[in-house]
Amino acid sequence: MVDSKGKLIFVKIYTMNFVEELRWRGMLQDMMPGTEEELKKENTTAYIGFDPTSDSLHIGSLVQIMILVHFQRCGHKPIALVGGATGMVGDPSGKSKERNLLSKEVLDHNLACIQKQLEKFLNFDCGLNSAEIVNNYDWFKDMSFLDFIRDTGKHITINYMLAKDSVKNRLNTGMSFTEFSYQLVQGYDFYWLYKHKNCKLQLGGSDQWGNIVTGTELIRRMEGGDAFAITSPLLQKTDGTKFGKTEEGNVWLDPKYTSPYKFYQFWLNTADEDAKNYIKIFTLLQQEEIEALVEEHEKAPHVRLLQKKLAEEITTMVHSQEDYHNAFEASQILFGKGTSENLSKLDESTFLSLFEGVPQSEITKSDLEKGISLIDLLTEKTGIFSSNGECKRFVQGGGLSINKNKINDAALLINSSFLLKNKYLLIQKGRKNYFLVLAI
RNA sequence: GGGGAGAUUCCAGAGUGGCCAAAUGGGGCAGACUGUAAAUCUGUUGGUGUACGCCUUCGGAGGUUCGAAUCCUCCUCUCCCCA
């Protein structure tokens, strides 16, 4: 399904049933009556909207991307909508506070970046069901406010809009007219796509249900047409914490925010229970294959077969085979039986590519030749520790290693002889935090 | 408008003149164990110093005292009750 560059190769499988596919993968939350029949009847066009709040999607959006991928694999036509217009308004769904608006320039930049990311997952050249990317700014930019409230707003009552959860939840704390009108703007998107692209189905997370239904309602009232909705459950982790966050924040698809190594590590660290769900949601592996994997995993959970497969598939899909390979190798060295001998045996380019995602700092060679105390090196020179005391505590607690050798003397003097390849020092703070110091 | 309670180190919350860098719990970090897991146990959680110490910190500004998180005055903010 994925070639050497990580690009998805389209496979036409008309026998696949989209709804069934979502159902067994646990990606189906809710569906409008008649949706399944519509999908069986004809090749359908569906869309999902992506929010341009930043210039990269994160793994939360990956669920929606996968839904589009499945949709296309089932022979239907997916449209990814980037919200150049809706992004200027701000979706109140699931938000407890009024959102800050982004400037037009920032939005444009974000849109271009997100579009590029989406292109990696869908096939844009496969005939009838080629994917498309549209920007709702294109049909909103020339529409006047008066036109909109006359032609569109007239069809939907305030009562109807107020009844939505996304609005109700904010009635006490306050909400601007701008955000209130969001559902109508998104509803119009659906209407526009229905009219111009014959798009009859909107997909999305379950928090989008209210917005989607406003769209189907608008289509019914303005055109007398039938349109449908399918939502997917919002991802939950078994321990109750939010999916897709690490201590450092969001896990992004863009390698400049989350390196492939960190990305790989994120999936590898998935809890057992979560991995069973994620592998269905984030990979294209077939049911039998997944069932076999789960079974094997349960026989020997400590091998973490599921996590490894999960991390491999997703890293390869989002980044590339090569990135996966490097992340895997780096993990082997850093967490496996890597010793300082292993480290020094690596050739320099491999060594560097392994530590691509590891924070780096620099020190001059002349400092090292004179010899520098461990504490000075790790606080003043590199800022790896914020105070001398913290550094000492780590050493005393056995939590500090250099080049995979545990350090237990805080007064240690570091000189050139510690350098790997006469150039690098690999600092390990605790079990999982690595820093690379370059001597220049 | 009247009356009362409070603001403490990441959070919650003790402390009511010297024994307070400040109990306890949570969280964080680390160590052991393990599966780069969960649970558990241990250590650590203002800065500096090897250390008795020293420096900065208990809403803000002043004051009393040999000595203040603790007492006094003013200010700011939060909560509660009555109108």
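Computed over heavy atoms, backbone and side chain alike; hydrogens, waters and symmetry mates excluded. Just so we're on the same page: letters track the sequence lines, and every chain starts at 1.
- Applying a 4.0 Å cut-off to non-hydrogen atoms, the residues of residues 302-309 of chain A that approach RNA chain B are H302(A), R304(A), Q307(A), listed by residue number.
- Nucleotides U65(B) and G18(B) are separated by 11 Å at their C1' atoms, to the nearest Å.
- The same atom, C1', is picked in C71(B) and in C77(B); the two are 23 Å apart, to the nearest Å.
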Can you list, pair by pair, the side-chain donor-acceptor contacts under 3.5 Å of residues 111-118 of chain A, counting residues two or more places apart and other chains?
residue : atom : partner : partner atom : Å
Q117(A) : OE1  : L57(A)  : N            : 2.8
Q117(A) : NE2  : S56(A)  : OG           : 3.0

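- Across all strands shown, A69(B) forms no Watson-Crick or G-U wobble pair with both key distances under 3.5 Å.
- C75(B) and U56(B) have their C1' atoms separated by 24 Å, given to the nearest Å.
- Salt bridge K276(A)/E291(A): absent, no basic N to carboxylate O contact under 4.0 Å.
- Between E369(A) and K365(A) there is no salt bridge, since no side-chain nitrogen of the basic residue lies less than 4.0 Å from a carboxylate oxygen of the acidic one.
- Computed from coordinates, the E298(A) CD to G35(B) P distance equals 18 Å when rounded to whole Å.
- Proximity of K432(A) to the phosphate of A37(B): a side-chain N or O atom is located under 4.0 Å from OP1 or OP2.
- For C33(B), there is no paired base (Watson-Crick or G-U wobble, both distances below 3.5 Å).
- For the pair S232(A)/L28(A), no side-chain contact is recorded, criterion being any heavy-atom separation below 4.5 Å from C-beta on.
- In this entry A12(B) has U24(B) as its Watson-Crick or G-U wobble partner, both defining distances falling under 3.5 Å.
- For R431(A) and C33(B), the CZ to P distance is 11 Å, given to the nearest whole Å.
- In this structure the side chain of L412(A) reaches within 4.5 angstrom of the side chain of I407(A), judged on heavy atoms.
- Under 4.0 Å is where a charged nitrogen must lie from a carboxylate oxygen, and between R25(A) and E20(A) no such pair does.
- With a cut-off of 3.5 Å on both pairing distances, C52(B) has no Watson-Crick or G-U wobble partner at all.
- Using a 30° and 60° split on the angle between ring planes, F328(A) and Y324(A) fall in the tilted class, from 30° to 60°.
- A12(B) sits 15 Å from G6(B) when the C1' atoms are compared, rounded to a whole Å.
- Using P as the reference atom, U36(B) and G47(B) are 32 Å apart when rounded to the nearest Å.
- For RNA chain B, the residues of residues 385-400 of chain A within the heavy-atom distance limit of 4.0 Å (strictly under) are S387(A), N388(A), G389(A), K392(A), R393(A), F394(A), G397(A), G398(A), G399(A), sorted by number.
- Across the strands present, A38(B) finds no partner; the criterion is a Watson-Crick or G-U wobble pair with both atom distances under 3.5 angstrom.
- Between I440(A) and K423(A) the shortest side-chain heavy-atom distance does not fall below 4.5 Å.
- A14(B) sits 8 Å from A7(B) when the P atoms are compared, rounded to a whole Å.
- In this structure, the CG atom of N433(A) is 14 Å from the P atom of G28(B), given to the nearest Å.
- When the C1' atom is used for both U9(B) and A23(B), the distance is 13 Å, rounded to whole Å.
- Regarding D274(A), its CG atom lies at a distance of 12 Å from the P atom of A38(B), rounded to whole Å.
- In this entry U76(B) has A7(B) as its Watson-Crick or G-U wobble partner, both defining distances falling under 3.5 Å.
- Comparing A69(B) with C20(B), their P atoms are spaced 13 Å from each other, to the whole Å.
- Base pairing analysis places G1(B) opposite C82(B); the two distances defining the Watson-Crick or G-U wobble pair are each below 3.5 Å.
- In this structure, the side chains of T216(A) and M32(A) come closer than 4.5 Å at one or more pairs of heavy atoms.
- Here F140(A) contributes atom CZ and D189(A) contributes atom CG; the two are 5.0 Å apart, rounded to the nearest 0.5 Å.
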